[in-house]
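FYI, side chains are in, hydrogens and waters are out, and symmetry mates aren't considered; it's all heavy atoms of this structure.
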Amino acid sequence: MNRAFNLAILRWGGLAMLVVALQSFSPAQSLPSRDQVKRSLYQATQLMSQRIADHGGYAWVSSVDGRYSHGEGVAGANRVWVQPPGTPAVGLAFLAAYRATGDAIHLDAAKAVGDALIQGQLQSGGWGYSIEFDPALRARLPYRVLLNRSGDSLSGAFTTASTPYPGGWEVWRNRQFKTNMTLIDDDTTPCAIRFLCDLDQTLGFKDATVHEAAEYALRSTSMAQYPGGAWGHNYDRFSAEPPSIDHYPVLAASYPESWSRTWAKTYEGCYMLNDRITQNMVETMLFAARVYDDQQYRSSAMTGGDFLLRAQMPEPQPAWAQQYDRHMHPVWDRQFEPPAISGRESQDALRTLLVLYRETGEKRYLKPLPRAIEYLRTCLRSDGRLARYYELKTNRPIYFSKDYQFTYDDRSMPDHYGFVVDSHLDEIERDYQALASGKPSAAQNKVSGEQAVAVIQSQSSSGGWLEQGFVRDEQGKKVTPKEGVVSSATMIANIELLSQYLEQN
């Protein structure tokens with residue numbers, strides 16, 4: 001798995017930020033010098049760590065002065081976002097910059113990210129979407145690290161969190177400990193784990209607190225893995241043992257005898273592919289196996305891969321659903337997520353199977369690809385894209401109206417959800433053909449000098465790549481700064497591109 005997969009200090013006060021004038025480039029110059037690239041990276045990290053950061057963490061969008069920020073909800077002072085492109089995804093970009101430059105500013109920023117995540121780790125083992133630093137709010141939440149009244153971490157303040165509760169969705173979905181909920185959804189906990197593993201390795205495994213937090217999270221997510229290999233959306237406790245195979249038997253996917261076209265509101269989907277939940281955990285376990293050279297993490301990833309093999313539906317639709325119940329039938333989740341074959345999740349499953357083959361050399365992970373790709377090509381719409389959903393057995397594309405009524409008509413879809421997705425079948429098939437023929441994996445895409453120059457020239461004197469847009473204030477109202485806003489996703493992409501350029505040249 002490419003490091004580019006890893007998509008995340010005190011607030012700047014009276015200290016003046018060192019602003020270094022950007023180098024100008026002549027039209028004929030296509031290759032920036034290493035010093036110019038390193039300077040650009042320095043500026044970017046300086047802006048993020050000294051003006052944007054809140055307790056070492058980040059949100060999705062921020063004002064340049066760091067006053068306002070938001071993720072999927074309001075962030076602002078004393079709240080940071082874990083869900084990418086939030087805190088751990090920014091931290092991974094800092095580590096990439098440190099590897100490429102050796103400049104301490106990037107490592108210091110990454111260590112501050114690590115501190116933020118450690119202070120936000122729940123007793124259940126993982127992370128929620130955000131982390132609270134306000135003392136009154138923290139007092140209500142089961143974080144593993146306690147803070148004293150001045151906001152400093154208390155040395156050795158990890159609590160004992162392992163409990164004898166049984167695991168499994170039928171237990172977890174009751175949310176008995178809802179403030180202790182580890183979220184695997186949207187790469188929230190997996191990304192935090194990858195960052196802590198990467199930071200642990202970068203620090204030579206010498207920081208005991210970082211190492212312990214990473215190990216605790218890995219143990220927690222291992223105990224949340226079902227016997228068949230999948231993971232679910234969330235769990236609310238650190239289980240002493242994984243879910244029981246007696247209640248969650250290892251089965252192959254099959255079609256239900258019947259299913260309602262009306263939202264059932266029962267939330268029976270315990271095995272999740274939606275938003276890459278199981279796929280992200282498989283790739284995270286592979287990452288941990290490489291970092292720690294530990295067979296247990298590799299075995300966990302391979303068990304997850306074997307779930308993907310069993311989750312491939314039989315003919316006539318040999319692809320994947322978003323979520324399955326414990327009987328391995330596709331089921332409803334939210335009111336716009338029906339039992340169906342999914343165009344997006346099927347492509348995500350295929351990509352993860354390719355990653356597993358590259359990592360393990362196990363040919364069984366390639367076996368599902370030809371018939372899945374062939375089938376999905378028959379599903380392409382006239383615009384060359386795929387519907388998110390295809391009805392079980394009939395294969396009719398399913399959409400939803402703006403009032404969330406099940407329909408086969410795509411003319412009145414709400415715009416908050418991807419009911420139509422891009423097809424990446426050509427790319428997936430090329431990768432498959434290369435691997436199946438025994439050719440070496442394709443080399444990492446080379447960053448051109450022109451790309452690096454374009455990124456550097458578009459950087460503002462603040463150190464950021466400012467974009468038109470809004471950020472939310474403390475009340476959640478939109479604020480539109482004249483100078484633009486700082487997008488963490490854009491910062492991550494540009495920091496990783498420039499870091500990759502340095503490593504390739």
Side-chain angles (χ1 to χ4, degrees), residues 1-8 17-52 58 61 64 84-85 89-110 194-195 198 202 351 355 358 422 424 426-428 430-431 434 439-469 483-505:
M1 181 174 58
N2 191 308
R3 282 193 185 272
F5 169 80
N6 300 304
L7 295 170
M17 185 183 75
L18 174 63
V19 177
V20 182
L22 291 173
Q23 297 291 321
S24 60
F25 294 85
S26 66
Q29 184 178 357
S30 60
L31 294 177
S33 70
R34 290 186 64 83
D35 284 346
Q36 288 167 333
V37 177
K38 289 175 70 175
R39 187 174 299 165
S40 176
L41 288 167
Y42 185 99
Q43 276 194 276
T45 297
Q46 186 177 58
L47 169 67
M48 294 296 281
S49 62
Q50 296 184 9
R51 294 183 68 178
I52 304 297
Y58 300 89
V61 181
V64 181
V90 175
L92 284 161
F94 291 151
L95 289 175
Y98 176 67
R99 283 190 294 271
T101 66
D103 291 343
I105 188 172
H106 308 300
L107 182 58
D108 289 343
R194 293 194 305 276
F195 168 76
D198 200 349
T202 302
R351 288 191 186 96
V355 169
R358 289 190 189 98
D422 290 337
H424 299 282
D426 289 346
E427 172 192 338
I428 291 169
R430 281 196 300 271
D431 287 349
K439 295 179 181 177
S441 298
Q444 187 181 40
N445 291 334
K446 188 169 179 64
V447 176
S448 69
E450 289 81 0
Q451 288 176 293
V453 167
V455 167
I456 294 171
Q457 288 184 327
S458 63
Q459 188 176 21
S460 76
S461 60
S462 69
W465 289 271
L466 303 185
E467 305 172 24
Q468 294 302 306
E483 68 273 19
V485 297
V486 177
S487 160
S488 291
T490 300
M491 294 291 290
I492 291 165
N494 288 338
I495 289 172
E496 289 185 343
L497 182 144
L498 293 177
S499 300
Q500 187 175 329
Y501 178 81
L502 284 178
E503 290 192 332
Q504 293 175 344
N505 291 279

Work out which heavy atom in [X] is nearest to a heavy atom in [Y]; give both atom names and the distance.
| X | Y | answer |
| --- | --- | --- |
| S40 | Q459 | OG-OE1, 2.6 Å |
| S462 | V64 | CB-CG1, 4.0 Å |
| Y58 | S49 | OH-CA, 3.4 Å |
| G463 | L47 | C-CD2, 3.8 Å |
| P32 | A452 | CG-CB, 3.8 Å |
| F195 | A110 | CZ-O, 3.2 Å |

Look only at the side chain of [X] and the backbone of [Y], and say whether a donor-acceptor pair between them is shorter than 3.5 Å.
| X | Y | value |
| --- | --- | --- |
| E467 | S487 | no |
| E496 | A96 | no |
| E427 | H424 | no |

Once you round to the nearest 0.5 Å, how far does [atom1] of [X] lie from [atom2] of [Y]?
| X | Y | atom1 | atom2 | value |
| --- | --- | --- | --- | --- |
| S33 | N505 | OG | CG | 11.5 Å |
| N494 | S499 | CG | OG | 10.5 Å |
| L502 | T101 | CG | OG1 | 7.5 Å |
| K38 | D103 | NZ | CG | 4.5 Å |
| R34 | R39 | CZ | CZ | 14.0 Å |

Side chains of [X] and [Y] in contact at under 4.5 Å (non-hydrogen atoms):
| X | Y | value |
| --- | --- | --- |
| T202 | R99 | yes |
| T45 | D108 | no |
| M48 | F94 | yes |
| D431 | R358 | yes |
| L466 | V486 | yes |
| L31 | Y501 | yes |

| side chain to side chain contact (heavy atoms under 4.5 Å, CB included) between Q504 and N445, intermediate numbers included | CA-CA 10 Å; Q504 293 175 344; N445 291 334; over 6 Å; no
| task | I would like to know whether L92 and I492 meet side chain to side chain contact (heavy atoms under 4.5 Å, CB included); could you show each step before the answer? | result | CA-CA 8 Å; L92 284 161; I492 291 165; over 6 Å; no
